[in-house]
A.B. asks: 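Please read through the structure below; I'll follow up with questions.
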Amino acid sequence: MDRPDPTHDEDTHFGFSEVRTAEKQGLVDKVFHKVASRYDLMNDLMSGGLHRAWKAAMVTAIALPKAARPFKMLDVAGGTGDIAFRALKQSGAGVDVTVLDINGAMLAVGKERAAARRLSRRVEFVQGNAEELPFPDRSFDAVTIAFGIRNVPRIPKALKEMRRVLKPGGRALVLEFSTVDVPGLDKVYDAFSFRVIPQLGKLVAGDAEPYQYLVESIRRFPDAATFAEMMREAGFEQVTATPMTGGVAALHLGFRI
């Protein structure tokens with residue numbers, strides 16, 4: 001299937017369905033309201049558990065300081081706090097994380113988990129839109145988003161906002177499912193995605209529909225090279241794209257110079 005032009009501002013896609021751009025956010029919100037309490041389980045199903053290793057690699061690439069040097073990090077679409085907690089575990093006392101998510105149900109899960117980990121003082125949870133980040137220019141040393149950018153209706157706008165809130169020299173890291181580039185693995189992965197994942201979602205979570213959307217949304221997302229170019233067009237420099245597990249996912253890194 002040909003991938004659509006991700007920069008088109010009037011029409012976009014919700015899985016394999018074509019929708020108006022203004023409608024997509026509401027549809028995505030409904031999906032994540034349904035899966036918020038089982039989000040980590042969802043990622044385990046979607047990736048066969050590999051998302052944990054991919055996220056560990058992304059957190060390492062943030063280059064978090066180990067000492068008490070102040071360092072401000074923003075995690076976009078990270079409502080459940082998974083990336084934030086991983087970052088704080090690997091960093092020094094000077095690191096503070098702001099978690100932004102448009103979905104209140106996801107943020108509620110994150111706040112509860114932060115309290116259980118006694119991290120509430122070091123993690124701030126903010127409800128907001130990735131396309132209109134509610135922060136001043138040059139506020140953060142690093143901005144991350146893991147498995148969330150493909151759900152944003154206007155991806156180029158979100159990328160420009162990520163760059164805007166970065167300090168000069170700061171880095172943006174985008175971890176997302178990508179295009180399998182290993183012959184044979186692509187067919188196995190497609191079969192697993194479309195035949196197994198929705199049924200697992202129905203069995204474990206009682207609802208196959210959100211998982212069907214998430215599988216379809218992966219197939220509609222640009223490949224690693226195309227997305228890297230989108231980051232360059234948003235103003236990022238020294239952009240790299242690192243495939244993971246045969247291209248099942250890719251880690252994109254770009255700097256504000």
Side-chain angles (χ1 to χ4, degrees), residues 25-62 64 72-91 95-131 133-135 140 142-153 158 162 172-177 197 200-201 204-207 209-215 217-218 221 244 249 251:
Q25 190 62 65
L27 295 169
V28 171
D29 284 348
K30 290 180 181 179
V31 169
F32 283 94
H33 274 294
K34 289 181 179 180
V35 303
S37 63
R38 299 180 177 89
Y39 184 67
D40 288 339
L41 175 60
M42 179 196 76
N43 280 331
D44 279 328
L45 294 177
M46 298 287 288
S47 70
L50 288 168
H51 74 102
R52 300 174 186 274
W54 301 335
K55 288 175 178 176
M58 182 175 78
V59 171
T60 297
I62 300 171
L64 294 157
K72 295 187 66 177
M73 172 183 153
L74 171 65
D75 185 40
V76 180
T80 62
D82 191 22
I83 297 300
F85 303 147
R86 291 169 181 270
L88 291 175
K89 186 176 181 180
Q90 294 189 26
S91 62
V95 174
D96 292 301
V97 183
T98 299
V99 174
L100 178 132
D101 204 296
I102 200 169
N103 191 290
M106 298 284 281
L107 289 168
V109 172
K111 291 177 181 178
E112 182 178 339
R113 291 178 176 175
R117 290 167 170 80
R118 300 182 179 179
L119 290 173
S120 297
R121 292 184 179 181
R122 297 184 64 191
V123 186
E124 179 183 11
F125 291 87
V126 176
Q127 187 163 10
N129 194 326
E131 297 177 7
L133 296 176
F135 309 110
F140 297 95
V143 180
T144 60
I145 181 167
F147 304 114
I149 195 71
R150 74 182 189 279
N151 299 309
V152 176
M162 290 171 66
L173 298 104
V174 181
L175 177 62
E176 190 53 86
F177 288 105
I197 289 177
L200 284 175
V204 175
D207 192 348
E209 184 179 359
Y211 297 86
Q212 184 68 35
Y213 157 70
L214 291 165
V215 168
S217 70
I218 292 170
F221 191 71
M244 297 181 168
L251 177 61

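Heads up: numbering here begins at 1 and tracks the sequence.
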A.B. asks: The criterion is salt bridge (Lys or Arg N to Asp or Glu O under 4.0 Å); which residues satisfy it with Arg122, sequence neighbours excluded?
C.D. replies: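 Arg122: no salt bridge (Lys or Arg N to Asp or Glu O under 4.0 Å) contacts found.
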A.B. asks: Going through the distances and angles, do Met244 and Leu175 end up as a side chain to side chain contact (heavy atoms under 4.5 Å, CB included)?
C.D. replies: CA-CA 10 Å; Met244 297 181 168; Leu175 177 62; 4.1 Å; yes
A.B. asks: Between Gly148 and Glu176, which heavy-atom pair has the shortest distance, and what is it?
C.D. replies: N-OE1, 3.4 Å
A.B. asks: CE of Met162 to CD of Glu131: how many Å apart, nearest 0.5 Å?
C.D. replies: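 Going from CE on Met162 over to CD on Glu131, the span is 13.0 Å.
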A.B. asks: Write down the atom of Asp101, the atom of Ala77, and the distance for their closest heavy-atom approach.
C.D. replies: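 In terms of heavy atoms, the two residues are closest at OD2-C, 3.3 Å.
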A.B. asks: Using the test side-chain hydrogen bond (donor to acceptor under 3.5 Å, both in side chains), find all partners of Lys55 that sit at least two apart in sequence or belong to another chain.
C.D. replies: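 Checked Lys55 against side-chain hydrogen bond (donor to acceptor under 3.5 Å, both in side chains); matches are His51, Asp82.
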A.B. asks: Which residues satisfy the side chain to side chain contact (heavy atoms under 4.5 Å, CB included) test with Leu119, sequence neighbours excluded?
C.D. replies: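 Here the qualifying residues are Phe85, Leu88, Arg117, Val123.
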A.B. asks: For Ile62 and Ala142, work out which heavy atoms get closest and say how close.
C.D. replies: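 So the minimum-distance heavy-atom pair works out to CG2-CB, 3.8 Å.
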A.B. asks: What's the shortest heavy-atom distance between Leu64 and Ala87, and which atoms?
C.D. replies: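 The answer is CD1-O, 3.5 Å.
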A.B. asks: How long is the span from the CE atom in Met73 to the CG atom in Asp96, to the nearest 0.5 Å?
C.D. replies: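 Rounded to the nearest 0.5 Å, the CE-CG separation comes out at 11.5 Å.
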A.B. asks: Classify the ring geometry of Trp54 against Phe177: parallel below 30°, tilted from 30° to 60°, perpendicular beyond 60°.
C.D. replies: perpendicular
A.B. asks: Could you work out, with side chain to side chain contact (heavy atoms under 4.5 Å, CB included) as the rule, every residue matching Gln90, not counting sequence neighbours?
C.D. replies: Val59, Thr60, Lys66
A.B. asks: Could you grab the distance from atom CD1 of Ile145 to atom CG of Asn151, nearest 0.5 Å is fine?
C.D. replies: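 The CG atom of Asn151 is 8.5 Å from CD1 of Ile145, to the nearest 0.5 Å.
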A.B. asks: Test of understanding: with salt bridge (Lys or Arg N to Asp or Glu O under 4.0 Å), list the residues that count as partners of Arg52, not counting sequence neighbours.
C.D. replies: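 Residues passing salt bridge (Lys or Arg N to Asp or Glu O under 4.0 Å) with Arg52: Asp44.
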A.B. asks: Closest approach of Leu100 and Ala130, non-hydrogen atoms and distance?
C.D. replies: CD2-N, 4.1 Å
A.B. asks: Could you list the residues that satisfy side chain to side chain contact (heavy atoms under 4.5 Å, CB included) with Gln127, not counting sequence neighbours?
C.D. replies: Leu107
A.B. asks: Find the distance between CZ (Phe135) and OG1 (Thr98) and round it off to the nearest 0.5 Å.
C.D. replies: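 Reported to 0.5 Å precision, the distance equals 5.5 Å.
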A.B. asks: Please find the pair of heavy atoms, one from Val99 and one from Gly78, that lie closest to each other, and give the distance.
C.D. replies: CG1-O, 2.9 Å
A.B. asks: Quick one: CD on Glu112 to CZ on Phe125, what's the gap to the nearest 0.5 Å?
C.D. replies: 11.0 Å
A.B. asks: Could you check Leu74 against Leu133 for side chain to side chain contact (heavy atoms under 4.5 Å, CB included), going step by step and ending with a plain yes or no?
C.D. replies: CA-CA 10 Å; Leu74 171 65; Leu133 296 176; 4.1 Å; yes
